[in-house]
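Here is the structure we will look at.
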Amino acid sequence: RCMRADGANGSAAVTAANSDDTALAGAMDSGDTMNVQLIEDAVIQARTGGTYKMRPIRVGKNMEEYFILFLDFRACRDLRRTAEWQNHALSIVQAGIGDDMIASGALGIWDNVIIKRSERIDRFTVDSGTNYYARNLLVGADAVVMGWAQTIDYNEEMFDYGREMGCAADEIRGLTK
């Protein structure tokens, strides 16, 4: 599921037909910035929308439910400038999860969403670089990470004076939720 900002305090659904960079950028204007309403709409969609509901992660001593929102640096800047964020956002210490590794380094919490900055968010521009757009990411307990330390290494050898061939392939990778 995908959504985008639409106006000062709204959101709009994004379908496969209008999800390419040019279509997204054409549907947005300079007032479509990251705000708390967009976070709340994303949480509603994650908890209730569609066939596959997102499960939140459980964090802290009380195992409270949270989602994690990874934002581009410019989106973080826009969010911090909103009056709602300045007046009501919780710090991770106020929420009681300051010692949790998942929450460390977070910008803050809004509507049980831990907000973190990330330089790895996909950004794009379509108009000679004056306006930037970001594909920020809301994740929950079903998020998966896969990493490689070594890609596949394939080797063949002949044994027994060329009568028997042996082959080996090895790779170092990890997959975790």
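It should be emphasised that the depicted structure is a prediction, and the values quoted were computed from it without experimental measurement.
Expressed to the nearest 0.5 Å, how far CD1 of Ile68 lies from CD1 of Ile109 amounts to 10.5 Å. Taking CG of Leu69 as the reference point, atom CE of Met34 lies at 5.5 Å (rounded to 0.5 Å). To the nearest 0.5 Å, the span separating CG on Leu107 from CD1 on Ile114 amounts to 12.0 Å. Atom CE of Met54 and atom CG of Leu138 lie 4.5 Å apart (nearest 0.5 Å).
With sequence neighbours left out, Tyr133 forms a ring-ring contact (aromatic ring centres under 6.0 Å, His included) with Phe124. With sequence neighbours excluded, the residues satisfying side chain to side chain donor-acceptor pair (under 3.5 Å) with Tyr154 are Glu156. With sequence neighbours left out, the side chain to side chain donor-acceptor pair (under 3.5 Å) criterion links Glu164 to no other residue.
Closest of all the heavy-atom pairs between Ala46 and Phe67 is CB-CZ, 4.0 Å. For Ile152 against Ala169, the heavy-atom pair with the smallest separation is CD1-CB, 4.1 Å. Shown here for Ile44 and Thr48, the closest heavy-atom pair between the two residues is O-OG1, 2.6 Å. Closest approach of Trp110 and Glu84 over heavy atoms only: CZ3-O, 3.4 Å. In this structure, Asp142 and Lys53 approach most closely via the heavy-atom pair OD2-O, 4.5 Å. Scanning all heavy atoms of the two residues, the minimum distance from Ile121 to Phe70 falls at CD1-O, 3.5 Å.
For residues 104-121, no residue pair satisfies the salt bridge (Lys or Arg N to Asp or Glu O under 4.0 Å) rule, not counting sequence neighbours. Counting only residues at least two apart or in different chains, salt bridge (Lys or Arg N to Asp or Glu O under 4.0 Å) contacts with residues 63-78 comprise Arg47-Glu65, Arg58-Glu65, Asp72-Arg123.
Membership of the apolar cluster around Met165 extends to Met158, as traced through chained side-chain contacts below 4.5 Å between ILVMFWY residues.
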Query raised in the report: Would Asp170 and Ile172 count as a side chain to side chain contact (heavy atoms under 4.5 Å, CB included) if you check the C-alpha gap in whole Å, the side-chain angles of each, and the deciding distance to 0.1 Å?
Result: CA-CA 7 Å; Asp170 58 280; Ile172 301 173; 5.7 Å; no
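In this structure, the side chains of Tyr66 and Pro56 stay at 4.5 Å or more apart for every pair of heavy atoms. Inter-residue side-chain proximity for Asn112 and Val43 is flagged as unmet; no heavy-atom pair is nearer than 4.5 Å. Side-chain contact between Leu38 and Asn136: absent, with no pair of heavy atoms (C-beta onward) separated by less than 4.5 Å.
One side chain, Asp41 or Gln37, offers a donor N or O that lies under 3.5 Å from an acceptor on the other.
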